[in-house]
Protein chains: 2
Amino acid sequence: MAVTIKDVAKLSNVAPSTVSRVIANNPRISEKTKIIVRAAMDELGYHPNFIARSLANQSTRVIGLVLPNSTDVFFQNPFFPTVFRGLSDGANERQYALQINTGNTDEEIFEGVIQMVQGGRVDGVILLYSRIEDKVLNYLRERNFPFVVIGKPFKDVELITYVDNDNYMASKEVTNYLLSLGHEQIGFIGGDLNFVVTVERLLGFEKALRDAGIRSNDDYIIHSQFLREGGREAIGKLMNLQDPPTALVVADDLIALGVLNTLSEMNISVPDDISILSFNNVLFAELSNPPLTSVEINIFEIGYQAAKSLIQILANPKVPVKRIIVPHELVKRHSCSHVSVVEL
Amino acid sequence: MAVTIKDVAKLSNVAPSTVSRVIANNPRISEKTKIIVRAAMDELGYHPNFIARSLANQSTRVIGLVLPNSTDVFFQNPFFPTVFRGLSDGANERQYALQINTGNTDEEIFEGVIQMVQGGRVDGVILLYSRIEDKVLNYLRERNFPFVVIGKPFKDVELITYVDNDNYMASKEVTNYLLSLGHEQIGFIGGDLNFVVTVERLLGFEKALRDAGIRSNDDYIIHSQFLREGGREAIGKLMNLQDPPTALVVADDLIALGVLNTLSEMNISVPDDISILSFNNVLFAELSNPPLTSVEINIFEIGYQAAKSLIQILANPKVPVKRIIVPHELVKRHSCSHVSVVEL
DNA sequence: TTGTAAGCGTTATCAA
DNA sequence: TTGATAACGCTTACAA
């Protein structure tokens with residue numbers, strides 16, 4: 001058996017409670033005994049048992065992470081590892097551990113969350129996504145269990161603490177950028193509309209066009225989580241329109257990569273024939289051919305802030321609901337150019 | 001407070017121990033009381049407290065995952081999310097939860113592992129990497145703590161349970177494939193030599209050349225974890241050799257992507273001027289330009305098997321040490337071609 | 001400043 | 001087939 005607080009107590013001739021107080025660095029213990037007890041801990045190689053501590057404290061110092069179901073593109077997206085690094089940094093800083101819940105179906109995930117929460121495995125939860133309708137989120141709210149959302153909640157925004165970019169604004173900005181390059185026929189390629197981030201980016205896009213007095217064209221808007229075959233067809237149809245777009249706002253670098261690929265197969269040159277602008281600025285945006293002009297959204301920071309916020313809530317359940325907006329920035333590379341003048 | 005076993009006991013007029021037995025589905029409890037107790041559990045919305053259970057059982061049903069330090073390329077590599085999905089599936093199947101340990105320095109990681117292990121937070125550990133010299137691995141062995149390695153251990157291979165591909169063989173095979181295409185000047189671009197996987201792939205490569213009677217050329221071997229600027233220079237030097245290679249074995253798709261990028265900047269065409277063959281067959285291998293010929297290593301399966309193996313060890317600590325080799329397969333795309341005949 | 005003892009929610013041993 | 005009770009390792013009143 002491992003060495004316990006009792007062993008330390010015995011060796012240092014004090015009561016177990018004293019040892020416990022030394023661990024907590026309780027100021028009411030004399031320096032002298034602290035030294036003695038610490039020496040004993042070292043000698044025995046004592047390490048506190050977190051499980052026992054959790055039971056006594058009713059607190060585990062573990063944060064539960066909820067991912068969308070793993071059949072989603074989410075996992076393949078470099079967004080995940082990066083946000084995870086941020087979460088990890090934020091958690092480690094305050095000695096919190098991370099437990100991850102995932103599953104192949106929404107039902108599995110929901111079950112997992114219940115285990116985490118009602119099983120007392122975690123003190124709080126971070127949702128790594130935000131969807132239009134989400135059982136998990138509703139459940140957490142009902143139970144009044146501490147949680148933070150990464151992404152903008154679909155409803156009751158002012159009642160939920162979340163960390164996000166201003167995707168609406170960002171999308172408006174980049175659409176304006178394309179407009180400033182002279183583009184007027186701009187398409188939008190989005191991912192799954194069940195995710196709020198997609199919706200926000202679409203809305204910002206549409207607003208920019210409206211502000212510019214450009215009538216929106218339904219043919220120019222495509223939705224698909226495609227990466228491979230799926231989207232090929234859609235892009236083909238889009239580019240074979242009588243009046244194909246001269247620029248594309250793409251909701252995610254990964255999708256943009258697929259688009260780039262398809263266009264290259266169709267012998268359509270980027271940015272000469274069409275400009276591509278996407279979001280997230282993951283590593284591959286830089287390595288693609290041509291390198292993508294993309295919106296840096298500071299994914300790491302998002303994760304870091306999410307962890308910090310949750311920990312703050314755990315420390316003081318009464319902190320007011322907070323919205324944290326992480327700044328974004330357009331990184332210009334080589335996938336966008338001035339619209340080419342068409343000779344008639 | 002949450003509803004406990006005692007509440008259930010009271011409501012169903014039995015002792016707490018009986019409720020506990022019902023939960024465990026102990027056959028020595030009558031069906032009648034089982035039904036009563038289960039009804040009470042439903043009525044109260046009872047969920048067992050894992051922490052208490054862990055303390056009583058001395059077992060948490062949590063598996064600790066140890067990642068290399070997060071400054072490593074590892075996180076950016078799609079390998080991570082995929083292996084994670086496999087681990088997750090394997091763990092969920094047997095109701096194990098996953099806790100992740102990481103950190104920015106090796107020291108931080110080591111500390112985290114100690115917390116996990118000595119703090120009793122986890123029942124076993126999976127190392128997601130294998131290095132030449134690894135403090136964590138040594139620590140786990142010393143304490144005789146259950147663990148499984150993903151990747152081939154550097155030493156004492158026959159004493160450690162691990163899951164891996166036969167990277168040596170795979171590398172030999174693909175080098176032979178390039179040889180069969182007529183290439184004789186073949187280079188190798190590897191990642192960090194501290195990781196065993198890099199070493200294995202290099203050794204297999206060299207063996208194939210030796211078997212073919214080709215003298216090895218140190219100028220043809222480059223090591224770097226570069227993705228961006230780092231490797232550019234190295235590739236430049238390589239291609240400016242008097243006798244540049246006509247083919248490259250690259251240890252990782254991600255590196256290959258960087259190489260592709262650099263070559264494209266240098267106006268060197270793949271596969272016409274040089275063939276590129278890499279490992280892992282991650283999604284981007286398919287989306288790159290040209291699509292990469294790459295070795296499929298079944299990353300998901302690796303994760304899945306690792307989880308399964310560890311759980312098996314936990315169930316029966318005396319199961320013999322096991323080595324699981326996950327099969328690989330060359331996926332031919334468009335980055336390799338027959339060597340071009342040089343007119344003299 | 002320190003010790004005693006109850007309690008956190010389970011499981012498991014022993015008796016009944 | 002079930003119930004009492006100790007035990008898991010720690011924290012925290014309350015007492016001293």
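Values reported hereafter were calculated over all heavy atoms of this structure, with side chains retained and with hydrogens, waters and symmetry mates removed. Chain A is the first sequence line, chain B the second, and so forth, proteins listed ahead of strands; every chain is numbered from 1.
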Review point. Should B/Q58 be listed as having a side-chain N or O under 4.0 Å from OP1 or OP2 of D/dA7?
Key: no
Practice item. Find the distance B/N57:CG to C/dT13:P and express it as a whole number of Å. Key: 11 Å
**Study point:** Distance, rounded to the nearest Å, where B/K6 contributes NZ and D/dA4 contributes P
**Key:** 13 Å
Point to revise | Whole-Å distance separating the CZ atom of B/F50 from the P atom of D/dC8 | key: 23 Å
Check your understanding: Are B/K308 and B/D89 close enough for a salt bridge, meaning some N to O gap below 4.0 Å?
Key -> no
Practice item. Using atom CD of B/E31 as one end and atom P of D/dT1 as the other, report the distance to the nearest whole Å. Key: 10 Å
Practice item. Any chance you could lay out the side-chain hydrogen bond (donor to acceptor under 3.5 Å, both in side chains) test for B/K152 and B/N165, step after step, and finish with the verdict? Key: CA-CA 8 Å; B/K152 184 175 172 182; B/N165 307 102; over 6 Å; no
Point to revise | Length of the CG-P vector between A/L55 and D/dG9, whole Å | key: 12 Å
**Study point:** Minimum-distance pair of heavy atoms, taken over all atoms of B/R94 and B/R61
**Key:** O-NH2, 2.6 Å
Check your understanding: Which one, D/dT2, C/dG9, D/dC10, comes nearest to the side chain of B/T33?
Key -> D/dT2
Check your understanding: For B/I36 and D/dT2, what is the distance between atoms CD1 and C1' respectively, to the nearest whole Å?
Key -> 13 Å
Study note, to complete from the structure: Separation of C/dG9 atom P from B/D7 atom CG, nearest Å, is 9 Å
Check your understanding: Looking at DNA chain D, which of residues 8-28 of chain B put a heavy atom within less than 4.0 Å of it?
Key -> B/N13, B/V14, B/A15, B/S17, B/T18, B/R21, B/R28
Study note, to complete from the structure: Of the candidates D/dC10, C/dT10, D/dT2, the side chain of B/N49 sits closest to C/dT10
Check your understanding: Taking the side chain of B/I5 as heavy atoms from C-beta outward, which of C/dA12, C/dT10, D/dC10 is closest to it?
Key -> C/dT10
Check your understanding: For A/Y162, which of A/R323, A/Q305, A/K322 qualifies under side chain to side chain contact (heavy atoms under 4.5 Å, CB included)?
Key -> A/R323
Review point. Checking A/R121 against B/F50: charged group under 6.0 Å from the ring centre and within 45 degrees of the axis?
Key: yes
Point to revise | Atom-pair distance (NE2 on A/H47; P on D/dC10), nearest Å | key: 12 Å
Point to revise | Aromatic plane relationship, B/F110 with B/Y139 - under 30° parallel, 30 to 60° tilted, over 60° perpendicular | key: perpendicular
Review point. So what does A/Y46 touch, heavy atoms closer than 4.0 Å: a base, only the sugar-phosphate, or nothing?
Key: sugar-phosphate
Point to revise | Check: A/Y304/A/E93 side-chain N/O donor and acceptor closer than 3.5 Å | key: yes
